2 protein chains.
Amino acid sequence: MHKEKLPLALGLLSVLSGCGEKQAERPNIIFFLVDDYGWVDSGVQYGDELYPRQRMFHTPAMERLSERACIMSNGYACSLSTPTRTSLMTGMNSAHTRITTYTAPVKDTPTDAAGGTIGFVNDNEGDIFARSDWNWNGIATEEGTEHSVVITPMVRLLRDAGYYTIHVGKAHWGPSGTTGCNPYNMGFLVNVAGSCNGFPKSYYGEENYANNAEQWTHNAVQGLAQYYGTDTFLTEALTLEAKKALEQPIKTGQPFYLYMSHYGVHTPISADKRFYQKYIDEGCDEGEARYASMVEGVDKSLGDLMDFLEEKGVADNTVIIFMSDNGGHSIDARKGGVPHTQNAPLREGKASVYEGGIRVPWMFYWPGKTLKGRCDVPAMPEDMFPTILDIAGVKDYKTIQSIDGEDLVPVITGKAGPGDSVGGTTWAERELVFHMPHQWRIEDREDVDFMTAIRRGPWKLVYRMHTGELELYNLEEDLSERNDVAAEHPELVRDLCSALSSKMREWDAVMPIDRRTSLPCPLPDELKMN
Amino acid sequence: MHKEKLPLALGLLSVLSGCGEKQAERPNIIFFLVDDYGWVDSGVQYGDELYPRQRMFHTPAMERLSERACIMSNGYACSLSTPTRTSLMTGMNSAHTRITTYTAPVKDTPTDAAGGTIGFVNDNEGDIFARSDWNWNGIATEEGTEHSVVITPMVRLLRDAGYYTIHVGKAHWGPSGTTGCNPYNMGFLVNVAGSCNGFPKSYYGEENYANNAEQWTHNAVQGLAQYYGTDTFLTEALTLEAKKALEQPIKTGQPFYLYMSHYGVHTPISADKRFYQKYIDEGCDEGEARYASMVEGVDKSLGDLMDFLEEKGVADNTVIIFMSDNGGHSIDARKGGVPHTQNAPLREGKASVYEGGIRVPWMFYWPGKTLKGRCDVPAMPEDMFPTILDIAGVKDYKTIQSIDGEDLVPVITGKAGPGDSVGGTTWAERELVFHMPHQWRIEDREDVDFMTAIRRGPWKLVYRMHTGELELYNLEEDLSERNDVAAEHPELVRDLCSALSSKMREWDAVMPIDRRTSLPCPLPDELKMN
């Protein structure tokens with residue numbers, strides 16, 4: 001009797017390939033990504049202390065997660081959205097994808113020097129630099145689109161390995177009219193609200209998330225008609241849809257990857273009415289209250305998902321990765337506070353390669369696996385590609401692109417420390433590159449536009465392309481990057497220039513064109529040193 | 001050794017529940033639904049002959065399917081979109097769901113006597129009838145919405161039985177702001193482009209399917225940003241997305257249900273440029289060429305999907321159901337031809353309970369199972385609920401609602417014929433009810449508004465509520481319903497009035513309110529007979 005039944009059972013085994021593959025060791029993964037969310041915008045201590053601003057925020061869920069998670073104290077993103085999001089999906093540094101600023105929602109529309117307004121493309125003729133030839137059409141999953149880079153998306157590898165892959169929220173890997181704007185092309189089996197847009201024109205259900213004749217732009221958030229005309233803030237609508245989508249893999253026991261990619265807390269800074277008044281009552285200015293209410297909405301989403309995992313009995317086998325896609329916005333008046341200070345003690349904010357633009361909240365929680373507490377190893381968004389695949393047990397995968405990121409699993413699980421080797425160096429000394437060879441907006445170029453940086457150990461070299469200036473900071477002693485010590489360390493400056501330039505050449509990184517010479521702006525090691 | 005392995009294998013069996021469940025006898029299903037597509041708008045012979053109009057259309061894929069399929073010569077839909085679509089999803093007659101005309105894209109917006117324009121809701125004050133209390137918020141998957149009916153959606157049962165359920169195209173079960181507009185609530189795991197809208201504001205990729213500031217309405221088709229600015233006609237974009245979504249279940253061997261619900265060939269009648277010129281060259285008027293080009297686009301979609309199934313090696317285990325959601329539109333000038341004649345030999349068109357509004361193209365192809373050729377048994381959209389579940393092998397399911405439809409599997413597979421019993425009668429003599437207690441539009445009420453009909457065998461009773469007139473037709477002798485024989489068959493008229501009224505009472509069907517009496521319009525058996 002056993003002999004007769006066995007072939008049937010074995011036959012069924014083959015069916016599991018790519019569908020169920022339930023194995024105790026394959027954890028579920030929630031990648032909880034917040035947009036434009038600053039390092040000091042919660043009660044979670046990412047740095048050496050809890051900074052004054054952090055007391056403003058009510059973030060019980062993030063704090064609940066932080067008590068059990070590995071907290072990346074030197075976690076970095078790119079300084080802008082699309083560069084980070086495409087790094088996550090490709091495993092490449094943004095200088096390597098040549099996607100070094102955000103993509104527009106419309107194809108063939110470079111956004112640099114565009115004033116941030118869709119359709120208002122304005123070459124920066126008054127500047128010494130002309131626009132560089134970057135990949136303003138983002139990443140692509142098929143050939144045929146100029147100014148894009150064809151890659152193997154990380155999520156496809158997860159899906160093909162049997163994960164149930166869910167996209168909820170903001171995508172922003174490429175414009176409409178291209179393969180890069182469609183989460184289904186990236187390997188997601190489910191898509192809610194992901195498209196070409198980099199922010200929501202409206203967070204309000206009452207406004208149909210801007211799906212109405214008066215407000216419509218490409219940034220109207222699609223796919224959420226169920227909530228039109230209701231008081232459901234976008235953050236909440238996305239959370240409800242995410243929970244709904246999770247029911248299926250939880251029921252069938254298929255491991256899942258949920259990319260919970262909130263539009264919050266990007267502009268437009270809009271009061272989440274569930275929380276706004278509390279912040280006013282506590283003495284926040286209106287802008288701060290608006291922003292903090294958005295943060296608390298996102299925090300509630302995280303808490304709701306954590307509760308949901310517990311109710312469903314899958315919390316113990318679900319990894320939660322919490323991250324922001326770049327530093328906090330620091331020039332929008334509606335956010336309240338004093339512009340350019342909202343990431344203090346970090347310098348500047350979104351779009352800048354100073355720490356305020358790139359150092360981000362980042363936590364890993366893999367129950368029973370990750371370290372509890374702080375991990376000081378520096379980490380980059382491109383690291384998430386091999387890291388997530390390692391967590392998922394996906395090995396021996398093939399990609400079109402060469403991967404720049406490193407697998408963080410050894411360091412977040414405590415199997416490797418800062419002194420251990422990685423990629424020909426050590427975790428502590430690995431070189432991180434941040435490349436922003438663009439004019440982000442018409443206004444506010446100071447400390448933001450046409451800058452590149454490299455970090456190695458405590459040292460950070462900042463290259464200002466406009467002036468050819470080189471700055472050197474010791475982040476261990478000077479987190480706020482106010483004490484330029486370049487003059488005191490000429491050898492180190494030269495060495496970091498060389499390292500940065502090597503990476504740029506290896507990646508064929510874009511550099512702006514100098515209108516005076518029609519030549520690319522020099523790489524840092526091509527500068528005439530004083 | 002066998003003894004040791006067996007527990008493992010049996011353990012894995014449990015994993016399959018709801019995920020794979022690959023069994024040779026569980027076929028894939030494609031439900032290919034065309035919108036407003038008339039009975040004589042292809043080269044497929046559904047009736048006793050190929051009527052003159054049919055020669056206008058190039059429909060090689062439909063003809064290819066028809067050569068192997070079971071052709072329902074007496075296949076019916078409701079006379080309007082939402083009633084049919086909600087019948088399919090609930091298994092209920094539209095008089096029973098109380099969704100007897102189409103739903104608006106905005107909640108709490110009855111569409112009857114609304115002139116067909118969104119937001120222009122105009123009670124028909126000039127009429128003797130006031131609007132009835134119908135379910136203008138459609139079907140719902142949760143309590144809490146007035147004017148809706150909470151049901152167990154058919155697709156949830158499929159999903160819960162292990163089907164990979166894909167929605168591509170038009171949904172239209174309910175307005176925005178309700179659970180009924182969201183395919184994910186209905187049990188679909190994938191959704192592309194399904195929402196609250198009943199037609200596309202634009203078919204053109206060049207116009208972003210109306211996602212632009214000039215054209216936007218709720219009928220802009222969402223979720224297709226990849227095709228913005230391209231020359232991809234909506235029908236083609238949906239087909240490409242459907243094929244993409246099919247890759248996953250085909251790869252994993254999970255049975256799939258694809259609801260390929262085309263927006264075509266609904267208004268706006270728009271040239272599909274791939275095919276338009278050919279029809280002009282062949283002598284069609286411009287409107288006919290536009291419409292025929294849309295039909296050929298849908299035909300190509302069917303052919304592409306059939307080719308795809310063959311390439312993937314799953315054609316032999318995939319059921320294809322081809323259907324229209326109501327009769328062909330017969331009052332839109334852009335469609336060409338002569339208004340009110342485009343369904344000839346059938347009388348009238350969409351919205352009318354005359355045959356032109358309800359008799360639709362309908363084919364079943366279940367390889368190796370369905371009859372080849374014509375099946376004359378009358379069939380209704382609510383039959384699809386038990387039929388699809390039977391095809392999928394889903395048994396002993398529970399539903400909130402009571403199901404009015406009958407399982408068609410016996411008749412389409414030849415196991416039952418017209419004389420066999422079903423529901424207390426025979427297939428040939430079963431009673432079909434078509435209820436339209438509304439003013440569809442301001443114009444064109446004649447032969448359309450405030451009418452109800454019942455068919456039994458060859459006989460069809462038509463009740464005009466405005467006048468209390470009763471008409472009787474013998475469809476076998478008078479398919480065009482031009483020869484009213486009510487006066488010759490008073491007994492039969494009385495009997496059919498009684499049958500129709502019984503159904504109406506059983507279902508608590510809505511009837512318009514007579515302003516003169518403030519009472520509901522009488523049921524047919526309450527009329528004072530001459």
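Per chain, numbering begins at 1; letters A, B, ... match sequence-line order. Predicted, not measured: the structure shown is a model, and the values here were computed from it.
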**Q** Any idea which of A:C181, A:G174, A:P183 has the most non-hydrogen atom pairs under 4.5 angstrom with chain B?
**A**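 Result: the option with the highest number of such pairs is A:C181.
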**Q** By a 4.5 Å heavy-atom criterion (distance strictly below it), what part of B:T178 contacts chain A: side chain, backbone, both, or neither?
**A**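 Contact with chain A: backbone only.
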**Q** Taking side chain as everything from C-beta outward and backbone as N, CA, C, O, which of these in B:E214 sits under 4.5 Å from a heavy atom of chain A? Side chain, backbone, both or neither.
**A**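 Neither part.
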**Q** When heavy-atom pairs shorter than 4.5 Å are enumerated against chain B, which of A:G194, A:A213, A:P175, A:G229 gives the highest number?
**A**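 Ranked by contacts with chain B, first place is A:A213.
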**Q** Please report the shortest heavy-atom distance between A:S195 and B:A225, naming the atom on each side.
**A**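 Closest heavy-atom pair between A:S195 and B:A225: OG-CB, 3.3 Å.
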**Q** When only heavy atoms count and the cut-off is under 4.5 Å, which of residues 200-207 of chain A reach chain B?
**A**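 Near chain B, by residue number: none.
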**Q** Sort out for me which of A:N191, A:T179, A:L189 touches chain B most, counting heavy-atom pairs under 4.5 Å.
**A**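 It is A:L189.
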**Q** With a 4.5 angstrom heavy-atom cut-off, which part of B:N197 approaches chain A: side chain, backbone, both or neither?
**A**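 Neither part; nothing is under 4.5 Å.
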**Q** If every non-hydrogen atom of A:W216 is compared with every non-hydrogen atom of B:N212, which pair is closest and at what distance?
**A**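 Nearest heavy atoms, A:W216 then B:N212: CZ3-CA, 3.3 Å.
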**Q** Give the minimum heavy-atom separation between B:V190 and A:Y184, together with the two atoms involved.
**A**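 In terms of heavy atoms, the two residues are closest at CG1-OH, 3.6 Å.
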**Q** For B:K107, is it the side chain, the backbone, both or neither that has a heavy atom under 4.5 Å from a heavy atom of chain A?
**A**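 When you check distances to chain A, no heavy atom of B:K107 falls under 4.5 Å.
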**Q** To the closest 0.5 Å, what do you measure between CZ (B:R159) and NZ (A:K251)?
**A**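 If we round to the nearest 0.5 Å, B:R159:CZ and A:K251:NZ are 4.5 Å apart.
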**Q** Could you state the interatomic distance from SG (B:C196) to CD (A:Q226), rounded to the nearest 0.5 Å?
**A**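 One finds 11.0 Å between SG of B:C196 and CD of A:Q226.
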**Q** Report the distance from atom CG of B:N211 to atom CG of A:N211, rounding to the nearest 0.5 Å.
**A**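 Spacing of CG (B:N211) from CG (A:N211) equals 8.0 Å.
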**Q** For B:E247, I'd like to know if atom CD has over 12 heavy atoms of other residues, nucleotides or ligands within 6.0 Å.
**A**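 More than 12 within 6.0 Å, yes.
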**Q** Chain B heavy atoms under 4.5 Å from A:F188: which part of the residue, side chain, backbone, both or neither?
**A**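 When you check distances to chain B, no heavy atom of A:F188 falls under 4.5 Å.
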**Q** Could you tell me the separation between the OG1 atom of A:T141 and the NZ atom of B:K244, rounded to the nearest 0.5 Å?
**A**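 Going from OG1 on A:T141 over to NZ on B:K244, the span is 7.0 Å.
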**Q** Using 0.5 Å steps for rounding, measure from the CD atom of A:E241 to the CG atom of B:N185.
**A**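 Output value for this atom pair is 6.5 Å.
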